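Let me begin by presenting the structure, written as structure tokens, before commenting on it.
All of these numbers come straight from a predicted model, not from anything done at the bench.
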Amino acid sequence: MHALRRWWHDTAGGLPATFWYLWAGLLINRAGAFAMLFLSLYLTDVRGASEGLAGTVVGAYGAGGAAGVLLGGVLADRWGRRATLLAAHLATVGLMVALAFTRPLLLIAVLSALIGVVHSMPSPAFVAAIVDVVPAERRSRAFNLQFWAFNLGMAVASLLAGVLAEASFTALFLVDAGATLTAAAVIAWKVPETLRLARPTAGPPPATAAPNSIRTRRPGLHTALTDRTFLVFVGLTFVLAVLTMQTSTIMPLAMRADGLGPSAYGLVVALGGALIVVGQLFVPRLIDRHPKDVVLAASTALLALGFGALAIADELAIYLGAAVVWTVGSMLAAPPNAQINADLAPPQLRARYQSVFYLTFPAAAFVAPTLGGVSLQHLGDRHWLIVGGLGLLAALGHLFAGPPRERHVAALRRVVDPEPTTTADRVSTG
């Protein structure tokens with residue numbers, strides 16, 4: 001019993017109530033966000049669209065997501081985290097209900113793009129709010145639990161979506177809207193505004209010692225886009241995202257070429273999801289004693305080795321073994337990745353930095369299939385050696401970038417106090 005209490009404290013102890021309400025809202029949001037998973041099938045099976053047109057509409061949803069991430073970051077820093085979350089959730093409800101009863105394909109495409117925008121807006125606001133309320137020493141646990149909730153919610157969504165889609169696509173969209181409304185209700189009821197003003201210290205160091213992001217006179221989205229230390233980290237995260245995207249973009253094609261059907265692919269994906277749901281809660285105790293750059297280097301190396309092993313994969317057992325390796329890498333990477341992102345962001349720009357960080361994922365979703373398909377077609381199994389080599393280079397990049405990044409974070413902390421404690425520091429959203 002003592003060991004169980006110790007594990008619980010190490011995994012989830014010391015986190016404020018507001019975090020848990022945010023966590024619950026995120027879990028409900030992801031568990032109910034299943035309608036768009038079946039958008040292409042809905043368009044082809046119900047609305048009679050061609051595969052090409054269906055792909056274009058799904059692409060519009062993805063393009064909207066890229067715009068929504070940036071919009072959400074700007075609004076979360078200006079309006080506030082709570083206001084942005086509520087606006088995005090309520091807009092999603094209205095658009096999803098409209099999509100359920102819309103017939104013209106052009107209007108469906110417009111609604112899909114708008115849903116892409118509002119689906120992506122909450123991401124930077126959620127993370128910025130977590131950073132606002134969770135003490136720095138507990139953020140690794142908080143981000144670990146966030147990653148776990150996201151994957152648990154996606155697993156639940158996948159199961160529910162299949163059942164609802166077979167019964168009624170209209171029901172699929174309406175239940176999605178209902179789950180989103182429930183998440184909005186939790187946020188409205190229990191999550192206060194967490195946006196706070198930065199409080200400068202009494203004696204900031206000379207301007208030459210301060211990070212570039214703090215010296216900017218009028219900080220904004222451009223601050224994140226010109227912060228070299230941050231952009232190096234974002235670039236390394238982009239490589240990690242490209243590796244991860246191989247699972248849903250290129251690996252199915254490779255498995256088909258090896259004579260393995262959809263059921264085999266589903267088993268590989270299910271194994272990764274199960275490992276995350278079962279094992280993610282044990283990650284904090286495993287990585288806490290190690291520097292974040294070392295953990296990220298090791299996790300990226302595991303991803304590289306896992307995907308690189310597919311160069312010799314020709315049967316299901318090898319794919320399953322490789323999936324274990326790259327899934328462990330993803331699990332280890334999640335907490336330090338989010339924590340470094342939070343550390344690098346000036347408090348008044350937390351959501352904007354999150355939005356630039358989150359752009360890596362739609363960018364990777366475009367690059368991975370576009371270049372990966374050509375690479376697999378012309379290089380065959382050597383494609384996986386290139387992917388593995390790219391991952392190993394990124395692992396080395398983390399080791400080289402880690403020390404200067406920590407110095408940058410230390411300078412940022414000396415210039416701005418990231419933890420205002422008085423209620424006067426809170427910004428009202430009116």
request  = Would you sort out whether Leu267 and Tyr319 count as a side chain to side chain contact (heavy atoms under 4.5 Å, CB included), showing the intermediate values?
outcome  = CA-CA 10 Å; Leu267 184 59; Tyr319 278 98; over 6 Å; no
message = Does Asp132 form a salt bridge (Lys or Arg N to Asp or Glu O under 4.0 Å) with Arg81? I'd like the steps, not just the answer.
response = CA-CA 10 Å; Asp132 290 341; Arg81 323 318 191 192; 2.7 Å; yes
request  = Kindly determine whether Arg352 and His222 satisfy side chain to side chain contact (heavy atoms under 4.5 Å, CB included), including the steps that lead there.
outcome  = CA-CA 9 Å; Arg352 288 178 173 90; His222 66 279; over 6 Å; no
Working for side chain to side chain contact (heavy atoms under 4.5 Å, CB included), residues Asp227 and Leu344 = CA-CA 9 Å; Asp227 185 336; Leu344 288 172; 5.6 Å; no
request  = Could you check Phe357 against Phe230 for side chain to side chain contact (heavy atoms under 4.5 Å, CB included), going step by step and ending with a plain yes or no?
outcome  = CA-CA 9 Å; Phe357 173 79; Phe230 175 66; 4.2 Å; yes
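The CG atom of Leu70 lies 4.5 Å from the CG atom of Leu359; values are rounded to the nearest 0.5 Å. Distance check: Leu75 CG to Thr84 OG1 gives 5.0 Å after rounding to the nearest 0.5 Å. Note: Thr237 OG1 to Asn337 CG = 4.0 Å, rounded to the nearest 0.5 Å. In this structure, CD in Glu137 is found 11.5 Å from CG in Asp288, a value given to the nearest 0.5 Å. Between the CG atom in Leu27 and the CH2 atom in Trp20 there is a gap of 11.0 Å [rounded to 0.5 Å]. Rounded to the nearest 0.5 Å, atoms CG (Leu302) and CG (Leu332) are 6.5 Å apart.
Between Ala323 and Val268, the shortest heavy-atom contact is CB-CG1, 3.8 Å. Taking all atoms of both residues into account, the shortest heavy-atom contact from Trp148 to Gln280 is CD1-CB, 3.7 Å. Looking at every heavy atom in both residues, Phe233 comes nearest to Leu296 through CE1-CD1, 4.1 Å. Closest non-hydrogen pair, Ala224 versus Val356, comes out as CB-CG2, 3.9 Å. The nearest pair of heavy atoms linking Ala333 to Leu240 is CB-CD1, 3.8 Å. Phe126 and Gly25 make their closest contact through CZ-C, 4.1 Å (heavy atoms, listed as atom of the first residue, atom of the second, distance).
With contacts defined as side-chain heavy-atom distances shorter than 4.5 Å, the pair Arg405/His398 qualifies. At least one side-chain heavy atom of Trp384 sits less than 4.5 Å from a side-chain heavy atom of Leu376. Side-chain atoms of Ile276 and Thr327, non-hydrogen and from C-beta on, do get closer than 4.5 Å to each other. For the pair Ser375 and Leu379, the minimum side-chain heavy-atom distance is below 4.5 Å. Contact check for Val191 versus Thr18: side-chain heavy atoms found under the 4.5 Å cut-off. Residues Val74 and Ser355 form no side-chain contact, since every pair of their non-hydrogen atoms from C-beta on lies 4.5 Å or further apart. Under the 4.5 Å side-chain criterion, counting only non-hydrogen atoms from C-beta, Thr300 is not in contact with Leu236. Looking at heavy atoms from C-beta onward, Phe238 lies in side-chain contact with Val367 at the 4.5 angstrom threshold.
With hydrogens and angles disregarded, a donor-acceptor distance shorter than 3.5 Å links the side chain of Asp77 to the backbone of Ala351. The closest donor-acceptor contact from the side chain of Ser120 to the backbone of Val69 lies at 3.5 Å or more, if one exists at all. At least one donor-acceptor pair closer than 3.5 Å links the side chain of Glu193 to the backbone N or O of Arg82.
Here the rule is side-chain hydrogen bond (donor to acceptor under 3.5 Å, both in side chains) with His89, and of Thr182, Thr180, Asn29 only Asn29 fits it. Each of Val131, Val134, Val133, Ile130 was checked for a side-chain contact (heavy atoms from CB on, under 4.5 Å) with Thr194, and the lone residue meeting it is Val133.
A tilted orientation is assigned to the rings of Tyr358 and Phe361, their planes being inclined by 30° to 60°. Using cut-offs of 30° and 60° on the angle between ring planes, the pair Phe307 and Trp326 is parallel.
By the side chain to side chain contact (heavy atoms under 4.5 Å, CB included) test, Leu181 is found to be paired with Leu90, Val93, residues two or more places apart in sequence or in another chain being considered. Partners of Asp176 under the salt bridge (Lys or Arg N to Asp or Glu O under 4.0 Å) rule, at least two apart in sequence or in another chain, do not exist in this structure.
Shown here is Tyr21, whose OH atom has no more than 12 heavy atoms of other residues, nucleotides or ligands within 6.0 Å.
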